[in-house]
Amino acid sequence: MKLGCIGDDFTGSSDLANTLAKGGMRVTQYTGIPDTAAAADVEAGVIALKSRSIPVQEAVEQSLRALDWLKAQGCEQFFFKYCSTFDSTPEGNIGPVADALAEALGATRVIFCPAFPGTGRSIYQGHLFVNDTLLNESGMQNHPLTPMTDADLRRWLAQQTKHSVGHVAAPDVFAGAERIAEALERAHDAGHRHIIVDALRDEDLQAIGKAAAPLPLITGGSGVALGLPANYGCTPGNVAWTGQAGKAVILSGSCSIATRAQVARHGTRHPTREIDAAAVIEGRETAREIADWLMGQDGLPLAYSSANPEAVREIQARYGGTRAAEALEQCFAEIARLCVAAGATRVISAGGETSGAVVEGLGLTTLQIGPEIDPGVPALRASDTLVVALKSGNFGAEDFFEKADALLSGAS
């Protein structure tokens, strides 16, 4: 294994694995830290953790254990993957995990670059934009677990880390890999260990990847991994895929603007059922009822708890944020398990926490990377009889669910 990757959630990990596979690397995604060695032909291993919103110390400990396993596989370069919207709080978990990984690897110039132009995420003057809108005005300020209230990544990261935060500005990035490497050295000489790097185009990310070739640790969204496969002599190619016939179900727990639009569109064409969060928490609506409904529908049925920010705040105020989140995640995990046990062969999920619950509920351990459905979202094969798609809440076109099922089934 050449490149070892640690993702802080399941959808982001598959996003990264997708980028590396498209670049020509042989990639396997692992759910949690494996207890056996990787297959000999794996060039890039992606360990998917569910560490984005857990207590800081737990996130650090899990990430360091993942690092130890990847080092044991022979990796010499490592990638810490977080969301392209830098999902975190002033306490973490991006900063503390990056601090711990940097200390363990002796990394003194650590790139931070969540840019992903293919999904509208860019960094300019150290500020993160979603299309033409600052991050903190994009809807991410309403995220129920990691509300992003400041688009200046230098300020946001500085609250989370014990290290000084530097910046490589757009003019250096536009000038190419050599200038980026020089700018990283200047930032290091100025006393900065963690360095935000501007990026507005895929060409920028390719150049950053080239400049990062000698660095032991890189952090960012999947976009900055665009340039890494070439460092290992890999060339882009088509990703093989065989579709899976049978029954499909869709589960959506994301409350993002993008996912709510996808749910609304899907409801005009296919069976949909809204999951009542209060009823789930109080035990008045069960996973069995929802799973039976999904399996009893024709077409492409969707069960969702996705709601607007006001409704989410009301549920959190009434029951507490932790209780509400845990109840819904447990419900989604059980729905997925029951559906697959009843014969579902294709499962599509929307939302990082929801997808994590689905993966854990199904007991998936390794995922083989298939072709891309929409930017950042690949098809995944879990077994000979099960394929899945794990979508980050903010990703995908409005017709994502239909596109995902067409690719998973082999119809497209």
Side-chain angles (χ1 to χ4, degrees), residues 11 139-140 142-145 247-342 344 346-362 377 388-405:
T11 57
M140 279 301 298
N142 298 315
H143 193 288
L145 298 177
K247 174 71 175 178
V249 297
I250 307 172
L251 301 173
S252 176
S254 170
C255 297
S256 72
I257 294 171
T259 295
R260 294 192 338 254
Q262 291 158 356
V263 168
R265 182 191 185 279
H266 197 77
T268 67
R269 294 163 172 79
H270 303 275
T272 59
R273 172 172 174 157
E274 183 173 6
I275 298 172
D276 184 333
V280 169
I281 295 166
E282 295 174 3
R284 294 182 284 106
E285 185 173 23
T286 67
R288 169 66 69 180
E289 294 168 356
I290 300 164
D292 287 347
W293 179 86
L294 285 163
M295 295 304 293
Q297 301 302 306
D298 294 328
L300 191 53
L302 161 68
Y304 68 95
S305 65
S306 306
N308 64 43
E310 293 76 19
V312 173
R313 283 193 287 268
E314 180 182 342
I315 289 293
Q316 290 178 328
R318 192 190 314 177
Y319 300 101
T322 299
R323 181 185 176 193
E326 288 179 352
L328 285 169
E329 288 174 31
Q330 290 170 6
C331 183
F332 278 119
E334 183 66 3
I335 293 168
R337 189 190 68 77
L338 290 168
C339 286
V340 170
R346 301 190 301 278
V347 178
I348 302 165
S349 69
E353 301 301 322
T354 304
S355 295
V358 166
V359 168
E360 291 179 341
L362 294 176
V377 192
V388 300
L390 310 175
K391 185 189 83 71
S392 173
N394 293 301
F395 285 6
E398 283 198 2
D399 62 347
F400 172 81
F401 296 132
E402 291 176 340
K403 289 168 64 176
D405 189 59

**Prompt:** Within a strict 4.5 Å, meaning less than it, do heavy atoms of the Tyr304 and Glu274 side chains meet?
**Reply:**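 Yes, at least one pair of side-chain atoms sits under 4.5 Å.
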**Sub-4.5 Å side-chain heavy-atom contact between Ile281 and Ile315** =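 Yes. Closest side-chain heavy atoms under 4.5 Å.
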| task | Return yes when atom CZ of Arg288 has more than 12 non-hydrogen atoms of other residues, nucleotides or ligands closer than 6.0 Å, and no otherwise. | result |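 12 or below, so no.
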Please report the closest heavy-atom contact between [X] and [Y], naming both atoms and the distance.
{"X": "Ala357", "Y": "Ala333", "value": "O-CB, 3.2 Å"}
{"X": "Cys255", "Y": "Val312", "value": "SG-CG2, 3.5 Å"}
{"X": "Asp298", "Y": "Pro271", "value": "O-CG, 3.4 Å"}
{"X": "Val280", "Y": "Ala327", "value": "CG1-O, 3.9 Å"}
{"X": "Gln262", "Y": "Gly396", "value": "NE2-O, 2.8 Å"}
{"X": "Ala336", "Y": "Leu362", "value": "O-CD2, 3.4 Å"}

For the [atom1] atom of [X] and the [atom2] atom of [Y], what is their distance to the nearest 0.5 Å?
{"X": "Gln330", "Y": "Leu328", "atom1": "CD", "atom2": "CG", "result": "9.5 Å"}
{"X": "Lys391", "Y": "Leu251", "atom1": "NZ", "atom2": "CG", "result": "13.0 Å"}
{"X": "Leu302", "Y": "Phe401", "atom1": "CG", "atom2": "CZ", "result": "5.5 Å"}
{"X": "His266", "Y": "Ile250", "atom1": "NE2", "atom2": "CD1", "result": "3.5 Å"}
{"X": "Cys339", "Y": "Glu334", "atom1": "SG", "atom2": "CD", "result": "10.0 Å"}
{"X": "Asp399", "Y": "Arg269", "atom1": "CG", "atom2": "CZ", "result": "8.5 Å"}

Exam field: side chain Thr268 to backbone Arg265, donor-acceptor pair closer than 3.5 Å: yes
Original post:
Looking only at atom types and distance, does a side-chain atom of Asn308 sit under 3.5 Å from a main-chain N or O of Ala311, one as donor and one as acceptor?
Top reply: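 Checking the backbone N and O of Ala311 against the side chain of Asn308, a donor-acceptor pair under 3.5 Å is found.
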What pairs with Phe395 under ring-ring contact (aromatic ring centres under 6.0 Å, His included), at least two apart in sequence or on another chain?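 Phe395: ring-ring contact (aromatic ring centres under 6.0 Å, His included) contacts with Phe116.
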**Prompt:** Without hydrogens or angle criteria, can the side chains of Ser306 and Ser252 be said to hold a donor-acceptor pair below 3.5 Å?
**Reply:**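 Ser306 vs Ser252: donor-acceptor pair found between side chains.
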Can a donor-acceptor pair be found between the side chains of His270 and Gln297 at a distance below 3.5 Å?
no
* Asked: Could you go step by step and tell me if Val249 and Ile335 meet the side chain to side chain contact (heavy atoms under 4.5 Å, CB included) rule?
  -> CA-CA 10 Å; Val249 297; Ile335 293 168; over 6 Å; no
